[in-house]
Engineer: 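Once you've had a glance at the structure underneath, I'll fire off some questions.
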Amino acid sequence: MALPDRFDTSTEPELYERWVEANCFTADASRSTRAGGDRDPFTIVIPPPNVTAILHLGHALDGVTQDVLIRWARMRGQETLWLPGTDHAGIATQNVVEKQLAAEGKTRVDVGRDAFLKRTEAFVADTGGTILKQLRAIGASADWTRTAYTFSPELSRAVREAFAQLYEKGLIYRGHRVIHWCPRCQTSLSDEEAEFSDEDGALFHITYRIAGGDGHITVATSRPETMLGDVAVAVNAKDPRYAKLIGTNVILPILNIEIPVIADDYADPEFGTGVVKITPAHDANDFEVGKRHNLAMPVVIDQYAMMNPGANTDVQRVPAFVLGKSTTEARDLIKRSLKEIGALEKTESKRHAVRHCYRCDTVVEPRLSDQWFVKMAPLAKPALDGLRAGAMRILPQRWEAVYVNWLEGIRDWNISRQLWWGHRIPVWYCKDCDPPYDMHVSRTDLTMCPHCGSPVRQDEDVLDTWFSSWLWPMSTLGWPDDSKDMKAFYPTDVLVSGPDIIFFWVARMVMAGYFFTGRSPYHTVLLHGMARDTEGRKMSKSLGNGLDPMQVVKLYGADAMRWTLVSGMGLGADITLDPNDLDKTFATGRNFVTKLWNIARFLLEKAGSAPVMPVAEIPKGTLQRADEWILWRLDVAIAECDAALGPLHPAKALATSDTVQWAPDERVNGMRLNDLAETARRFVWSELADWYLESIKGRLEAGGDDAEIARAVLVHTFDGALRLLHPIVPFVSEAVWQQLPEGGRRKEEGRFLATARWPEKGSAGNYEKGKSFDRIEAEFVKAFRQMKAEYAVPPATEPEAWIKLGDIFTVSTDAEIATATATISRLARVKIPGSPPQRDFVQAVTASGHVAVLAIGGLVDIDKECARLTGELTSLEKQLSGLEGRLSNEKFTSKAPADVVAAERAKLAEWTTRRQQLRDKVQTLCGG
RNA sequence: GGGCGAAUAGCUCAGUUGGUUAGAGCGCCUGCCUUACACGCAGGAAGUCGGGGGUUCGAGUCCCUCUUCGCCCACCA
C-alpha cells in the first residue's frame with residue numbers, strides 16, 4: 001500500500017480516537033501486582049490545570065513530558081495509569097466570573113452567594129474542561145475514564161475527611177493574627193500566594209518628639225500611612241542610644257497622642273535609626289511585638305486598603321484629610337502633612353520587596369483577622385525524613401535543597417479564604433451552646449447543633465484551593481476509602497511539574513501523603529524548565545509573548561511539537577522558543593516527522609507489504625555485513641535509550657512492600673528525555689536511513705533470497721526504531737507501524753504500537769560482528785565522497801571502471817583494509833576515485849562486492865591531493881606523539897584505570913597503522 | 001542579606017561519576033530536484049568550552065576567584 005506524500009496531521013484525532021476506543025489508555029486495577037495481578041503499576045497523576053484554563057505552552061511541556069514517560073512505561077509492560085483532571089481553582093475562577101459580572105455592572109455581592117455559585121458552576125460546565133480536550137490533541141494518553149475534578153462530590157468528601165482528621169489531631173486551629181490580604185480579591189492569602197517583587201520605594205525618617213521633655217527620636221518607615229495605627233515605638237534594649245528612653249513616651253506626630261517606647265529584640269540597632277514604629281494591626285512582625293507587650297491593635301486601614309477606622313480604634317485615629325483615601329494616596333498626604341509640621345527629617349529612596357497577590361498582582365495588605373491554619377511543622381518532618389532516606393528523589397537534584405530549605409523553615413498555613421468558590425470550611429457554629437461546644441467540625445452537613453439541637457450556621461469561608469490539591473494523588477484514587485485504585489496504584493510513581501509550584505503543591509502533597517497514608521505519594525519528582533522567548537522572558541499571556549500549542553498542532557501536527565519540545569529540553573532546563581517564527585522554531589520536529597514518514601514510504605514502496613521472516617530465523621551466514629551492522633546499531637540504540645530513561649522504579653521498590661528506596665547510585669539516573677530523542681534520531685536517520693537503507697536498494701531491486709533478508713532486516717530495525725520513538729511521536733509512529741509488513745514479534749502483539757512492547761537489546765541475536773561495517777563507512781565511502789566533492793566530480797559521471805574488491809568487504813583486519821586503501825590510492829595517481837552517489841554505494845556493498853571508481857583523470861590535481869594528505873599526516877603524527885608520550889608516562893600507566901590504558905594502547909596501534917597507510921599513500925602519490 | 005542556576009560553533013542547546021581528535025538541530029558555504037524524502041542528499045567552514053588561578057598523568061567536567069545574566073528564599077521597619 002502506498003502512503004501519501006506527507007503525513008496528514010489532520011488524521012491525528014482519528015488515531016487518537018482509535019486508541020481510546022481500544023482502551024489503550026485505560027488502567028485495570030486488578031492487573032496491578034499490588035492487587036494480585038501480574039504487572040507492576042506505574043502511575044502519574046497530572047498536575048490538574050485550572051478548570052477554565054486554555055492550554056498554553058507550559059501545559060504542553062508538562063503534558064508531553066508525562067506522556068513520554070507514560071507511553072514508555074506502558075510499552076514496558078507496566079499497568080500504566082495517567083490520571084487526568086482539573087482544579088476548580090478558587091480565586092482564579094472566581095476572578096473570571098467576577099470580571100464577567102463587572103462587565104454587567106454588578107458585583108458578586110449584588111447577585112448573592114447562591115446565585116454566584118450557580119453562575120460559576122454554569123460557567124465551568126460551559127467552558128471548563130477545554131484543556132482536557134486540548135490535551136487529547138497533543139496526544140496525551142491519559143485514562144479519561146478516571147478524569148477527576150477537585151470540586152467533585154468524591155474529592156470534596158476527601159477534603160472534608162482531611163480537614164476533620166487534621167482537626168481531630170490538633171493540627172488545624174483558628175488563629176487571630178495579621179495575614180496577607182488581597183484588597184481586590186477580598187480574601188486572605190497564604191505566604192506562598194503573596195509573592196515578593198522588588199519595587200522602588202522610600203524610607204521616611206520621621207521625628208517623634210519625646211513627651212514632656214526635650215529632644216526626639218527618629219523612626220524610619222517605608223509605609224508612613226500606617227503610623228496612624230502606631231501604638232508604640234520599639235528600640236533594642238542593648239542599644240545604648242535609646243536605653244534611657246525605654247518606658248517613657250513619645251508623641252505620635254499628626255495625631256499628637258502619646259505612645260510608649262518599649263524594648264524588643266525585633267528592633268535592630270543596625271537598621272535605619274534603630275527605632276521601629278509598632279503598628280500591630282497592619283504588620284505581621286509588629287503584631288508579634290504587640291502580642292508580646294500586650295499592646296492595643298487599632299485598625300486604620302479597611303479591607304479595601306482604604307484609610308478608615310476599624311476595630312480597636314481607641315481615639316479618632318484617622319483624620320479627615322486622609323479619611324476614605326487609599327493607602328497610596330494617604331502615603332502622599334501623610335508625607336505632605338509631616339513636612340508641614342516639620343516632622344519629616346528626610347526621605348531616602350530604597351528598593352524593597354513588596355508582596356503582591358499571585359492571582360491579580362494587587363499589592364497585598366497585612367490585615368488583622370481570624371483565619372484557619374494548619375500546623376505544618378509536624379507534617380514537614382516525615383516529608384524531610386522521606387527525602388533523606390531516599391524514599392523520594394527530585395530531579396534535577398539541586399531542587400532537593402530548595403525543598404529541604406522550605407520544609408525546615410516552614411510556617412503555619414493559612415487555609416481559609418474569604419471567597420465563595422471553593423470547599424466551604426466544614427465547621428458549624430452554634431449560638432446557643434457555650435464554649436467549648438460552640439464550634440463543630442463535621443464530615444457531613446449539619447443543620448442543627450449536635451449538642452443542643454439549635455440551628456447552626458456554617459463558617460462563611462472556603463478552603464484554599466491548594467487544600468484540595470495537596471490530596472490529589474490520594475483523593476483521585478478514592479481516598480479516604482480503601483478503594484481498588486488506592487490499593488492498585490497508590491503510591492504513584494512520578495510527579496512531573498515545574499519548579500514554581502514546589503511549595504504550593506509538590507512538597508505539600510508529600511506532607512499529606514505521609515500524614516494520611518504514611519507514605520510518600522511518589523518516588524520521583526521530575527521538574528522541567530519553563531518556556532521562554534528569545535529574550536529569555538518567561539512566556540505568559542500578560543507579556544503577549546505566548547505561543548499557542550494548538551496553533552502549532554494545527555500547523556505542523558502534535559508530533560512535530562512534541563519532538564521539538566522533547567529534543568530541545570535538557571533535564572530541568574528552560575527551553576527557548578521564538579513565538580514570532582514558528583516555522584524555524586518547529587522545523588526540527590516537522591522535518592523529523594517528515595523524514596520518518598518518508599522512510600516508511602520507501603519501505604512500503606520498495607519492500608512491499610508482504611510478510612517478512614523474523615530476523616532471528618534468518619540462517620546464520622546469510623546476513624550481509626550491512627545487515628549485521630544495522631542490527632548491532634539497533635542494539636546500541638536500545639541500550640542508550642534505556643540508559644537515557646533510567647529505571648522505572650527504584651530497584652528496591654517491591655510492588656507489595658511499603659518501603660521504597662533509591663540507592664545513591666541510581667538516584668540521579670534517567671529521565672533524560674532529550675537523550676532518548678537524540679539517540680533514536682541518530683539511529684533512524686543517520687544510521688538506518690542514511691546508511692542501511694541506501695545500502696540495500698540494489699539488493700531489494702535484485703530480488704531473490706538476499707532481497708528477502710534485506711527486507712526482513714529493514715522491517716525489523718525500523719519496527720525497533722518506531723518503538724523507541726513512539727513515546728515522543730506517538731501519532732506518526734503509530735500510523736506508520738500500522739502499515740508495516742507482518743512478521744516476527746509484531747504479529748503476536750496487539751493492533752497498536754501504543755501497547756506494543758518496548759524493544760530489548762539482543763532480542764534477535766548477537767550482531768557485534770556488524771561493527772566492522774563502521775570501518776567500511778569510515779575508511780572508504782567517506783574518503784570517496786570527500787574526494788568527489790573536493791574535485792567537483794559531476795554527479796552524472798558514469799563509473800568507468802569497476803574494481804573487484806570483494807575481499808575487502810568480507811574481511812576486516814587492519815592489514816587487509818590497508819591493502820585496499822593502498823590500492824585505491826594507487827588508482828588515485830591516475831584516476832581520482834570519487835564516490836558515487838549513495839545509489840551507487842548500494843551496489844558497492846551488495847553481494848557483488850564492487851566499489852565504483854570514477855574516471856576523471858583530467859581533473860586530477862596531484863599537488864592539491866598531496867598537500868591534503870601531508871597535512872593529515874602531520875596532524876596525525878602530532879596526536880600520535882602525544883599519545884606515545886602519555887603511554888610512556890609511568891604515572892599515567894600506573895594511575896589511570898586499566899581499561900583507559902588499554903583503550904589508549906589500542907588507539908596507539910590503530911593510529912600507528914593509519915600513519916603507515918598515510919605514509920604509503922604520500923609515497924605512492926607524491927613520489928616521496 | 002543568603003542560596004541556586006546559566007555562560008560551550010552565528011543562533012538554540014547536549015555533554016551522567018574527570019579519560020579517544022568537544023557533539024546535535026537550525027543557520028552559513030559548495031555541489032546536487034539521484035526513481036522515499038529539497039521539510040531532502042553529499043561535502044565543508046566554524047568553538048583559546050565567560051576571564052584568571054589551582055588540583056591531577058589528564059579538566060568543558062573538580063576546587064578557588066572575578067565578570068555578566070537569570071531565578072528562588074528572607075520579618076530588616
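Just so we're on the same page: letters track the sequence lines, and every chain starts at 1.
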Engineer: Quantified in whole Å, what is the P atom distance between nucleotide B/G15 and nucleotide B/C75?
Structural biologist: 35 Å

Engineer: Could you tell me how far B/G10 sits from B/C29 if I compare only their C1' atoms? Round to whole Å.
Structural biologist: 13 Å

Engineer: Any protein N or O atoms within reach of nucleotides 6-15 of chain B? Criterion: under 3.5 Å, listing atom names and distances.
Structural biologist:
{"residue": "B/U12", "atom": "O3'", "partner": "A/T576", "partner atom": "OG1", "Å": "3.1"}
{"residue": "B/C13", "atom": "OP1", "partner": "A/T576", "partner atom": "OG1", "Å": "2.5"}

Engineer: Which part of the nucleic acid, if any, lies within contact of A/K350, taking any heavy atom under 4.0 Å across all strands shown: a base, the sugar-phosphate backbone alone, or nothing?
Structural biologist: sugar-phosphate

Engineer: Thinking salt bridges, do A/R886 and A/E904 make one under a 4.0 Å N-O criterion?
Structural biologist: yes

Engineer: In whole angstrom, what separates A/N598's CG from B/A36's P?
Structural biologist: 10 Å

Engineer: Taking any heavy-atom pair under 4.0 Å as a contact, classify A/A284: base, sugar-phosphate, or nothing.
Structural biologist: nothing

Engineer: Could you give the distance separating B/U12 and B/U67 at their P atoms, to the nearest angstrom?
Structural biologist: 24 Å

Engineer: With rounding to the closest Å, how many angstrom separate the C1' atoms on B/G70 and B/G54?
Structural biologist: 28 Å

Engineer: For a quick check of understanding: with a heavy-atom distance under 4.0 Å over all strands, which category does A/V901 fall into, base, sugar-phosphate or nothing?
Structural biologist: nothing

Engineer: Measuring only the C1' atom in each nucleotide, how far is B/C33 from B/U17? A whole number of Å is fine.
Structural biologist: 49 Å

Engineer: Is any side-chain N of the basic residue among A/D5 and A/R601 closer than 4.0 Å to the acidic one's carboxylate O?
Structural biologist: yes

Engineer: Round to the nearest Å and state the distance from A/D5 atom CG to B/U35 atom C1'.
Structural biologist: 13 Å

Engineer: Quick one: does A/T564's side chain have a donor or acceptor within less than 3.5 Å of a partner on A/G589's backbone?
Structural biologist: yes

Engineer: Assign A/Y556 to base, sugar-phosphate, or nothing according to its heavy-atom contacts below 4.0 angstrom with the strands shown.
Structural biologist: nothing

Engineer: Using nucleotides 56-64 of chain B, report all nitrogen or oxygen pairs with the protein that are shorter than 3.5 Å.
Structural biologist:
{"residue": "B/C57", "atom": "OP1", "partner": "A/K895", "partner atom": "NZ", "Å": "2.4"}

Engineer: Look at atom CD of A/E348 and say whether more than 12 heavy atoms of other residues, nucleotides or ligands are closer to it than 6.0 Å.
Structural biologist: yes

Engineer: How many Å lie between CG on A/D690 and P on B/C37, as a whole number?
Structural biologist: 15 Å

Engineer: Under 3.5 Å for both distances, Watson-Crick or G-U wobble, that's the pair rule; now give the dot-bracket for RNA chain B, with | marking pairs to another strand and [ ] for crossing ones.
Structural biologist: (((((((..((((.....[...)))).(((((.......))))).....(((((..]....))))))))))))....

Engineer: Expressed in angstrom and rounded to an integer, what is the separation of A/E701 atom CD from B/U34 atom C1'?
Structural biologist: 13 Å

Engineer: Check for a donor-acceptor pair, side chain of A/W685 on one end and backbone N or O of A/L596 on the other, with a separation under 3.5 Å.
Structural biologist: no

Engineer: When rounded to the nearest Å, what value does the distance between P atoms of B/A38 and B/A59 take?
Structural biologist: 47 Å

Engineer: Under 4.0 Å between any heavy atoms, over every strand shown, what does A/R682 touch: base, sugar-phosphate, or nothing? Just pick one.
Structural biologist: nothing

Engineer: Looking at A/A677, is its backbone amide N or carbonyl O close enough to the side chain of A/S567 to form a donor-acceptor pair, meaning the two atoms are under 3.5 Å apart?
Structural biologist: no

Engineer: State, to 0.1 Å, how close A/E225 and A/I334 come at their nearest heavy-atom pair, and which atoms those are.
Structural biologist: CA-CG1, 4.1 Å

Engineer: Using distance alone, with no hydrogens and no angle criterion, decide if A/D583 and A/Y556 have a side-chain donor and acceptor under 3.5 Å apart.
Structural biologist: yes

Engineer: Whether the side chain of A/N414 engages the backbone of A/S190 through a donor-acceptor N/O pair (distance < 3.5 Å, no angle test) should be reported.
Structural biologist: no

Engineer: Between B/G5 and B/C63, how many Å separate the two P atoms, rounded to a whole number?
Structural biologist: 10 Å

Engineer: What is the separation between atom CG on A/D283 and atom P on B/A77, rounded to the nearest whole Å?
Structural biologist: 10 Å

Engineer: Mind running a 4.0 Å heavy-atom check of residues 589-597 of chain A against RNA chain B and sending the residues that fall below it, in number order?
Structural biologist: A/R590, A/N591, A/T594, A/K595

Engineer: Under 4.0 Å between any heavy atoms, over every strand shown, what does A/V276 touch: base, sugar-phosphate, or nothing? Just pick one.
Structural biologist: base

Engineer: Is the number of heavy atoms from other residues, nucleotides or ligands under 6.0 Å of A/E701 CD greater than 12?
Structural biologist: no

Engineer: Considering all heavy atoms of both residues, which atom of A/T893 and which atom of A/L887 are nearest to each other, and what is their separation?
Structural biologist: CG2-O, 3.3 Å

Engineer: Can a donor-acceptor pair be found, under 3.5 Å and without considering hydrogens, that links the side chain of A/R562 to the backbone of A/I728?
Structural biologist: yes

Engineer: Between A/R223 and A/E365, is there a side-chain N and carboxylate O pair less than 4.0 Å apart?
Structural biologist: yes

Engineer: For A/F602 and B/U35, what is the distance between atoms CZ and C1' respectively, to the nearest whole Å?
Structural biologist: 11 Å

Engineer: Please determine whether a side-chain nitrogen or oxygen atom of A/W685 lies at a distance below 4.0 Å from atom OP1 or OP2 of B/A36.
Structural biologist: no

Engineer: To the nearest angstrom, how far is A/M530 atom CE from B/G5 atom P?
Structural biologist: 16 Å

Engineer: Are a donor atom and an acceptor atom from the side chains of A/Y208 and A/D230 found within less than 3.5 Å of each other?
Structural biologist: yes

Engineer: Check every strand shown and say whether A/G529 touches a base, only sugar-phosphate, or nothing at a heavy-atom separation below 4.0 Å.
Structural biologist: nothing

Engineer: Listing time: all N or O pairs from protein to nucleotides 71-74 of chain B that are below 3.5 Å?
Structural biologist:
none

Engineer: What residues, two or more places apart in sequence or in another chain, satisfy side chain to side chain donor-acceptor pair (under 3.5 Å) together with A/Y358?
Structural biologist: A/E193, A/W466

Engineer: Should the pair A/R393 and A/W662 be classed as cation-pi, given the thresholds of under 6.0 Å to the six-membered ring centre and 45° from the axis?
Structural biologist: yes

Engineer: Does A/R177 make a cation-pi contact with A/F287, if we ask for NZ or CZ under 6.0 Å from the ring centre and within 45° of the axis?
Structural biologist: no

Engineer: Okay, side chain of A/T585, backbone of A/D578: is any donor-acceptor separation there less than 3.5 Å?
Structural biologist: yes

Engineer: In whole angstrom, what separates A/L693's CG from B/U35's P?
Structural biologist: 15 Å

Engineer: Using the C1' atom on both, measure B/A46 against B/C4 and round to a whole Å.
Structural biologist: 34 Å

